[in-house]
Protein chains: 2
Amino acid sequence: MTTRSSTDAARVIPEATVARLPVYLRALTALADSGIRTCSSEDLASAAGVNSAKLRKDLSYLGSYGTRGVGYDVDYLRYQIAREIGVTQDWPVVIVGIGNLGHALANYSGFRSRGFRVVALLDADPGIVGREVAGVVVRPFDDLEEIVREHDVAIGVIATPAVAAQDVADRMVAIGITSILNFAPAVVAVPEGVDVRKVDLSIELQILAYHEQRKANGADASTEADGGAA
Amino acid sequence: MTTRSSTDAARVIPEATVARLPVYLRALTALADSGIRTCSSEDLASAAGVNSAKLRKDLSYLGSYGTRGVGYDVDYLRYQIAREIGVTQDWPVVIVGIGNLGHALANYSGFRSRGFRVVALLDADPGIVGREVAGVVVRPFDDLEEIVREHDVAIGVIATPAVAAQDVADRMVAIGITSILNFAPAVVAVPEGVDVRKVDLSIELQILAYHEQRKANGADASTEADGGAA
DNA sequence: TAGATTGTTAATCGATTAACAATC
DNA sequence: TAGATTGTTAATCGATTAACAATC
């Protein structure tokens with residue numbers, strides 16, 4: 001629709017590919033950490049748990065960063081993927097809902113190393129506000145707007161009980177947050193232009209249970225065994 | 001391949017549909033809780049955050065549980081979906097790795113009500129073994145086999161650091177667990193016939209960051225705004 | 001019967017895969 | 001040059017969607 005610079009052309013990366021780029025990034029980091037400088041698509045694919053055809057197809061959407069007959073320079077490809085995802089910079093995030101899960105998220109050490117920075121922990125419960133969690137003092141939910149403006153937060157994490165999730169999302173959206181990661185077991189509705197991703201423990205377990213039940217029933221185990229595998 | 005009873009015929013539910021059945025189940029439970037006895041595909045679809053065509057197509061794989069001109073009986077459909085997923089019975093699960101996340105998972109109250117029962121918490125760290133978490137005493141990882149046999153556990157949850165994940169998965173598979181939910185930020189390889197699902201905080205955040213970056217760049221916001229939405 | 005809503009069809013869209021020409 | 005491996009093509013597969021006949 002809008003005009004684009006020529007260097008930026010042809011940048012329509014399929015959603016399925018976008019979802020795998022972080023996996024490749026992590027696999028490349030692991031390879032680099034073990035001292036490997038160059039890898040083939042086969043090597044990287046196996047480290048990422050996909051087949052090499054899919055990997056090469058995915059990378060082809062980013063550009064031509066490999067060398068035929070040789071493979072990929074690990075550091076170079078890693079940087080290109082990080083740049084494409086947008087994690088060469090740090091993204092400020094807020095976590096709302098500091099119960100057991102919020103606590104665990106706040107303590108998650110992988111944030112900083114993967115392009116994210118927790119700028120605030122918020123909770124509506126006065127009994128939790130003021131406590132120190134992961135070295136940060138929990139602030140009242142009503143401070144959300146101030147914090148978002150101050151740190152230019154674009155990504156919010158919801159770790160509240162289900163009943164509160166929609167209200168929190170509404171407040172986030174009203175204040176200008178356009179990406180939400182929702183851990184609450186509830187569907188949240190947002191206007192167009194806002195991305196919501198959902199992480200749901202019991203849904204994942206139920207998907208496993210479905211396949212497990214079919215295995216137990218002994219029906220066609222051979223054809224459906226790996227149906228839900230990541 | 002194998003012969004099936006006639007009542008069991010035509011049971012090939014697409015993976016994308018399987019992944020949505022738990023969402024429908026939850027939406028139906030919410031409707032039932034608010035006293036609604038009957039709903040249309042439009043009602044249920046909107047509660048589940050999908051469009052009604054997709055919902056009806058999904059339900060059609062299970063059978064004909066609605067009434068034309070009327071809609072669906074909430075309780076009846078809920079039971080049918082629960083039966084299809086396999087959560088009319090309780091599934092025993094073990095959680096391995098009782099750090100911050102394992103702690104949060106152990107305390108998650110949605111387990112029991114959604115068809116799962118945590119039969120043991122395990123950790124390899126002697127400093128954690130013996131502590132009481134969520135009313136359960138943490139046991140040594142080496143007790144895994146005994147516990148799995150005793151409770152006939154089919155589903156294992158990995159909440160360890162990344163380095164330990166593959167070892168834990170290998171032990172689980174060796175002992176006969178055939179479904180694994182992996183929260184560790186690592187790819188785990190398993191033999192055919194074992195299902196692994198992966199939940200990864202930083203991957204979800206990175207997918208959001210990708211879309212966020214594109215919004216910020218102002219490129220075609222209108223066409224890709226909702227690209228990664230759940 | 002008239003109105004409402006399901007279940008199904010068929011078209012479209014997007015993702016995966018294997019094969020191989022290009023090329024280091 | 002010969003061997004290796006990428007990047008791309010084209011075929012296949014699976015998922016989504018709109019439309020509507022069936023039917024309560």
* Asked: What does D:dC13 pair with, Watson-Crick or G-U, if both distances are under 3.5 Å?
  -> C:dG14
* Evaluation steps, side-chain contact (heavy atoms from CB on, under 4.5 Å), between B:Val157 and B:Phe183 -> CA-CA 8 Å; B:Val157 176; B:Phe183 285 91; 3.7 Å; yes
* side-chain contact (heavy atoms from CB on, under 4.5 Å) partner of A:Thr160, chosen from A:Ile95, A:Val96, A:Asp167, A:Leu122 -> A:Val96
* Asked: So, B:Asp195 versus B:Ser179: side-chain donor-acceptor pair below 3.5 Å or not?
  -> no
* A:Gln213 (side chain) donor-acceptor with B:Glu84 (main chain) under 3.5 angstrom -> yes
* To do: Please check if atom CZ in A:Arg37 has more than 12 non-hydrogen atoms from other residues, nucleotides or ligands closer than 6.0 Å.
  => no
* Sub-4.0 Å heavy-atom contacts from residues 38-45 of chain A onto DNA chain D, ordered by number -> A:Ser40, A:Ser41
* Structure fact -> Within residues 71-79 of chain A, those residues having any heavy atom closer than 4.0 Å to DNA chain D are A:Gly71, A:Tyr72
* To do: Would you mind reporting whether B:Trp91 and A:Leu205 have side-chain heavy atoms less than 4.5 Å apart?
  => no
* Asked: Nucleotide by nucleotide, 5' to 3', does protein get under 4.0 Å of the base (B), only the sugar-phosphate (S), or neither (-) in nucleotides 12-24 of chain D, counting heavy atoms?
  -> ---SSBBB-BBBB
* **Short side-chain to backbone donor-acceptor contact, A:Glu42 and A:Ser52, under 3.5 Å** => no
* **B:Asp43 side chain to B:Ser40 backbone, donor-acceptor under 3.5 Å** => yes
* Separation between CD of B:Gln80 and CD1 of B:Ile85, rounded to the nearest 0.5 Å -> 12.0 Å
* Structure fact -> B:Leu62 CG to C:dT8 C1', in whole Å, measures 15 Å
* Among B:Arg114, B:Arg197, B:Lys198, which residue meets the salt bridge (Lys or Arg N to Asp or Glu O under 4.0 Å) test with A:Glu204? -> B:Arg197
* To do: Hunt down the Watson-Crick or G-U wobble partner of C:dA4, both distances under 3.5 Å, from any strand shown, or write none.
  => D:dT23
